[in-house]
Amino acid sequence: MSFDDIKLLLTQKFGEDIILDDERTGIQPALLITPGSIADVCLELRDNPQTYFDFLSCLTGVDYGVEADKFGVVYQLSSIPYGLQLTLKVSRPNNRDENELPSFPTLTNVYRTADWHEREAYDLVGIYFEGHPDLRRILLPDDWVGYPLRKDYVAAEYYKNIPIEYPPKTAENNNPVYRDDIATNPLYKEAVERYNKKIADAAVEDMILNMGPQHPSTHGVLRLELITDGEIVKDVIPHLGYLHRCFEKHAESLTYQQTIPFTDRMDYLASMNNSHAWVMGVERMLGIDKEIPKRIEYIRVLVCELNRIASHLIAIGTYGIDIGAFTPFLWCFRDREHIMGMLEWASGSRMLYNYIWVGGLFYDLPVGFEERCREFVDYFKPKMVELNELLTDNQIFISRTANVGILPLDVAINFGCSGPVLRGSGLKYDLRRIDGYSVYPELDFDIPIGKGQMGTIGDCWDRYKVRVEEVEQSLRIIEQCLDRLQKELKRTPDFDPRAKLPRKLSPKVQDYYTRCEGAKGELGFYFIHDNERSEIPFRAKARGPSFNNLSVVPEITKGSMIADVVAVLGSIDIVLGEVDR
């Protein structure tokens, strides 16, 4: 179904007034919807068999600037059955009064994943969502004053009497200006009071337990607030924000090329995939995506798949130690070290590479890299067989993970889960195949899915097994890349990996949502570029797959044992740099 067909379908259903306008200036057209009707429109698009937009990829709050005097929300919808994407926008004027926030209907009754996305839009942009069940801040403390992603936001000099000395202040200008009030908006106070009442109303026999934020099984600075009846978990409330770095605020003050090192710090275990997604989006907006030499594209895929294996090895090894198996942890880190050495050889860095650049690469592969990489593949294949014998088929491990944390497919989709978490529930959905970006259409590989071999489809064991099998498929991809790079695409003395780097990264005025299959799932960036003379985006939103995947944990842990919470969280494989950004 085309963009015009969708527009016609909506006007026939709701009338001409439902669509205020459409935008066709960029490479992704968008429909501007009447603000009060956005929930009804999304429900129709989700349930209509002609469209079936069942997946909310991204939700972005936007401050269009003081002069524009309006705020908006941008929705990126996907149809998994039809392979379609659609951009919807709503906006309305606002006078920036704290007591009169820009307001739009919530989508939590249509897409459960909208819960956390809307909380983030409230937290950082100050947009209120009518009917949201728990509209509290999600990345910043409850007593934070202001909304950092607003264009007129001025950072405070002090927080809780602690000077925020960046840039450093001289002694004579260091006069405290300290506000101790919780956010003044009464609607926000109501949300905090509802949460406090929920905790206070826990039954006398219930316990309130904190797992984290400094806890080995939370895989980073995450706090899980558990409400338990003995060993039985009645509710799980995740608390984020301990690692929040304001990535999107940084991106609004740096050029597209300068932001690449910051993308590396999101999923810092698979940095190559982060920069690949960012670079592909910028190249597409510049219109140079078809001009990238094949050798560069194959090198990009090669290093991304090496990084995917390294990420999965950490997921597998740390999951083993979560369950109580120590030896697989050592084995996985031993083999990951070989990959780290190769990527350091290519880029000069062990974790945060800044290797994939807009238009090319930082540098060509070192001489001998392909041969060393092939040696690693030959070495590593038997190691995966040993790992499966030790852990995958271990009866104790199976007993701890099979039929635990079962995630039904429809729930996974509605929560916006992607990557191994979604495929573990039985769906062959991989953006390397769906979108066919870079040179993935030229490569032969399979998409592993959960099959319920040891329990029920979508349980912890299935999610673990998908990652194990993805490592094997990544090895297949790497071998094919090496074949091409050592034959028809082999290095030549005159090859320059920076030859296609644009002198100025200034796209045309447009909005664009780009995505790729990161190690954890759908990694997306939404760009708003409003000035053809500028190299800096007006707005850059990061859609981290771990953010969505983590949001489903409360849903699949209710009624489980406390020990099973550890198993469920480990099977999700989150990285907090990608959750908090």
Side-chain angles (χ1 to χ4, degrees), residues 3 21-32 57-65 67-68 70 72-76 85-89 91 125 149 151 247-264 266 273-293 296-297 300 354-362 431 435-438 497-516 518 522-543 581:
F3 179 78
D21 199 359
D22 57 29
E23 291 184 357
R24 301 174 186 261
T25 54
I27 49 183
Q28 274 182 343
L31 292 174
L32 279 62
S57 289
C58 189
L59 183 157
T60 308
V62 183
D63 175 6
Y64 288 99
E67 293 183 3
K70 71 172 183 177
V73 183
V74 182
Y75 306 88
Q76 310 292 342
Q85 288 182 272
L86 179 66
T87 302
L88 302 179
K89 295 184 177 182
S91 64
V125 190
L149 288 184
K151 297 301 181 180
F247 166 82
E248 294 168 24
K249 193 69 173 178
H250 283 299
E252 291 179 5
S253 59
L254 299 170
T255 68
Y256 289 101
Q257 199 79 281
Q258 289 172 333
T259 306
I260 292 174
F262 290 88
T263 65
D264 286 347
M266 290 172 52
N273 294 273
N274 302 344
S275 53
H276 195 201
W278 178 273
V279 162
M280 284 194 303
V282 179
E283 290 170 349
R284 184 77 174 90
M285 289 195 295
L286 291 169
I288 63 172
D289 54 309
K290 303 298 183 185
E291 302 173 11
I292 307 301
I296 289 177
E297 291 284 16
R300 287 177 176 181
N354 189 20
Y355 182 67
I356 300 176
W357 285 6
V358 177
L361 301 168
F362 163 68
L431 295 179
D435 289 355
Y437 60 87
S438 192
R498 304 186 189 181
K500 294 294 182 180
L501 263 64
R503 291 189 175 183
K504 190 172 183 181
L505 300 179
S506 49
K508 295 180 180 179
V509 174
Q510 60 183 302
D511 298 8
Y512 185 60
Y513 177 72
T514 184
R515 61 183 187 174
C516 83
E522 180 178 327
L523 173 62
F525 293 103
Y526 174 62
F527 301 102
I528 300 179
H529 196 82
D530 69 335
N531 186 350
E532 289 190 11
R533 296 183 178 181
S534 174
E535 297 185 73
I536 300 173
F538 177 80
R539 177 81 165 92
K541 159 74 175 177
R543 190 262 192 212
R581 299 179 303 288

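All of these numbers come straight from a predicted model, not from anything done at the bench.
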Report yes if the side chains of [X] and [Y] come closer than 4.5 Å at any heavy-atom pair, otherwise no.
X    : Y    : answer
P537 : E252 : no
T514 : R284 : no
L286 : V358 : yes
F247 : M266 : yes
V74  : V62  : yes
I292 : E283 : yes

Exam field: side chain [X] to backbone [Y], donor-acceptor pair closer than 3.5 Å:
X    : Y    : result
D21  : L32  : no
Q76  : L59  : no
R543 : S57  : yes
D63  : G65  : yes
R539 : F527 : no
R515 : A277 : no

Report task. Please report the C-alpha distance between V279 and W357 in whole Å, then the side-chain angles of each, then the deciding distance to 0.1 Å, and finally whether the side chain to side chain contact (heavy atoms under 4.5 Å, CB included) criterion is met. Result -> CA-CA 6 Å; V279 162; W357 285 6; 5.6 Å; no

Taking all non-hydrogen atoms of both residues, which atom of [X] and which atom of [Y] are closest, and how far apart?
X    : Y    : answer
I260 : I356 : CD1-O, 3.6 Å
L31  : F3   : CD2-CZ, 3.4 Å
A251 : W278 : CB-CH2, 4.3 Å
T263 : N274 : O-ND2, 2.9 Å
G524 : Y513 : CA-OH, 3.7 Å
R300 : G360 : NH2-O, 3.1 Å

Query raised in the report: Is NZ or CZ of K151 both nearer than 6.0 Å to the six-membered ring centre of F538 and within 45° of the ring axis?
Result: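 Here K151 passes the 6.0 Å and 45° test against F538.
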
Query raised in the report: Is the cationic atom of K70 (NZ for Lys, CZ for Arg) positioned less than 6.0 Å from the six-membered ring centroid of Y64 and within 45 degrees of its normal?
Result: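 K70 over Y64 ring: yes.
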
Query raised in the report: Can you find a side-chain donor-acceptor pair between E297 and S438 that sits under 3.5 Å?
Result: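 Present: a donor and an acceptor within the cut-off.
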
Which distance, rounded to the nearest 0.5 Å, do you find between the [atom1] of [X] and the [atom2] of [Y]?
X    : Y    : atom1 : atom2 : answer
S253 : Q258 : OG    : CD    : 8.5 Å
L86  : Q28  : CG    : CD    : 10.0 Å
E23  : Q510 : CD    : CD    : 11.5 Å

Please list, one pair per line, the donor and acceptor atoms closer than 3.5 Å that link side chains of residues 498-506 to other protein atoms, with sequence neighbours excluded.
unit_1: R498; atom_1: NE; unit_2: F362; atom_2: O; d: 3.0
unit_1: R498; atom_1: NH2; unit_2: F362; atom_2: O; d: 2.9
unit_1: K504; atom_1: NZ; unit_2: R533; atom_2: O; d: 3.0

Query - Neighbour count above 12 (heavy atom, 6.0 Å) for K508 NZ - result: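 Atom NZ in K508 is not packed in, count stays at 12 or less.
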
Query raised in the report: Is the ring centre of Y256 less than 6.0 Å from the ring centre of H529?
Result: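 Between Y256 and H529, the centre distance is under 6.0 Å.
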
Query - Ionic contact status for K89 with D511, cut-off 4.0 Å - result: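 Between K89 and D511 there is a salt bridge, with a charged N closer than 4.0 Å to a carboxylate O.
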
Query - Partner of I536 by side chain to side chain contact (heavy atoms under 4.5 Å, CB included), out of L254, T255, D530 - result: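 With I536 as partner, side chain to side chain contact (heavy atoms under 4.5 Å, CB included) holds for just one option, T255.
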
